[in-house]
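Both counts, for ligands and for their atoms, begin at 1 and track the order of listing.
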Amino acid sequence: MYPKLMIDLDKLTHNTHYLVNKMKHHDLSITAITKLYGADSRIISVFESFPEIEYFGDSRIKNLQTYQHTHKKKVLIRIPMPSEVEDVIKYADISFNSEISTIRLLNEAAKQQGKTHRVLLMIDLGDLREGFFEEEEWLAAIAELTHMTNVKLIGLGVNLMCYGGIIPDAANLGKLVACCERVEQAFNLKLEMVSGGNSSSLYLLDKDSDATLPPGITNLRIGDAFFTGESSLGTKFADMHGDVFTLAAEIIELKEKPSYPIGQIDVDAFGKVPKFEDKGNRLKGILAVGRQDVAFDGLYPDDEALEIIGASSDHLIVDFTESARDYKVGDVVKFRLHYGAVLQAFTSQYVTKEYIG
Ligand SMILES: *Cc1c(COP(=O)(O)O)cnc(C)c1O
């Protein structure tokens, strides 16, 4: 039963209403990104019920496969592996690309399956994860692409924040729009998707923000923000819930123990030399949850007086000393989760899921 990830579908529905309206107000098409929760079918059903969401996107074909029955267009948002092009054509309507050699393979695979596959080119505007970097290179790719029989260019996109921590703003997103105008003129075509980033671009829709989303951006790809109510810059939309997800874990040991280990210190189970501060004896508890379940540095106890002091594969060590509550073995402690913790909780087979609503 424990550790358990509780998923509040009512709060998620409320959040989705709010964000979808906000994006529609800015004439944006919406791609709901499904990788954070491993394309969980109950969560997918919530998003499926919103007609404003036109696309479902994921980095993994395996996740796209699980919702082939939905009416949303499926988008592979990670650059395809050359070895998976047949499945890309089979399971994705659109894929994001940055290598012309892979696009050639997609064209061949699409020809074999008698399909037309739609591609969006990713442009790297400084975050230094995926995307064409040199303008000559993407212009040459488009020139070649427009002559291919079974792939069609539908737009350009950018990803920011995830690797380099680069903030989406009017300058870099304006550059993306300028690239699109350049392509439309040079190749005499109309691009239907100008995809201006992930949840971290949402702050540009906030009326209180100094910066605004440049006109010409037509799409955003949103995962995280539906669940946190935050843009990745730390602003939170006041009308959204931040606690769609809660992790619950059970106390299996609770004892007064020293804060400083006894004996000679070597590396821990993960190859790091641990550091300790001697605070004397503390009331320390062990929860039955560990690194095999969740990224523990992304956990925030509901009881703010608790302090997470460490974790091994299956144990979370918590300092209970400062709490006013009277805990005992068998009690359940709840946590809010940050991005990495949610990601891992959904990936672990040891975490039970419970749905509310
Ligand atoms: C993960 C991802 C997203 C979604 O990011 P969130 O921060 O969850 O909104 C969007 N685009 C790409 C390319 C991604 O890899």
#### Entry: ligand 1 contacted by F96 (non-hydrogen, < 4.0 Å)
no
#### Entry: Shortest reach to atom 6 (P) of ligand 1 by a heavy atom, considering only S195, S59, S199
S199
### Query
Any N/O of G223 closer than 3.5 Å to an N/O of ligand 1?
yes
### Query
With distance as the sole criterion, is a donor-acceptor pair present between the side chains of N159 and N198 under 3.5 Å?
yes
### Task
State plainly whether one hydrophobic cluster holds both I142 and L120, where clusters connect Ile, Leu, Val, Met, Phe, Trp and Tyr through side-chain heavy atoms under 4.5 angstrom apart.
no
### Message
Is it the case that ligand 1 has an N or O less than 3.5 angstrom from some N or O of D224?
### Response
yes
### Message
Heavy-atom contact check, 4.0 Å cutoff: does N159 meet ligand 1?
### Response
yes
### Task
Examine ligand 1 and decide if any of its atoms is less than 4.0 Å from a heavy atom belonging to E130.
yes
### Query
ligand 1 and N198, any nitrogen or oxygen pair closer than 3.5 angstrom?
no
### Query
When you check the gap from the basic side-chain N to the acidic O, do R325 and D303 get nearer than 4.0 Å?
yes
### Summary
Any heavy atom of K35 under 4.0 Å from ligand 1? The part involved is side chain
### Query
Is ligand 1 under 4.0 Å from a heavy atom in the side chain of E230, in the backbone, in both, or in neither?
neither
### Query
Just by distance, with hydrogens left out, do T34 and Y67 show a side-chain donor and acceptor under 3.5 Å apart?
yes
### Message
If we count only N and O atoms by modelled type, under 3.5 Å, do the side chains of Y203 and D208 hold a donor and an acceptor together?
### Response
no
### Query
What about the rings of F320 and Y327, do their centers lie closer together than 6.0 Å?
yes
### Task
Decide whether S195 and N219 meet the rule of one side-chain donor and one side-chain acceptor closer than 3.5 Å.
yes
### Summary
The atoms of ligand 1 lying under 4.0 Å from a heavy atom of I77, numbered in the order shown, are 2 (C), 12 (C), 13 (C), 14 (C), 15 (O)
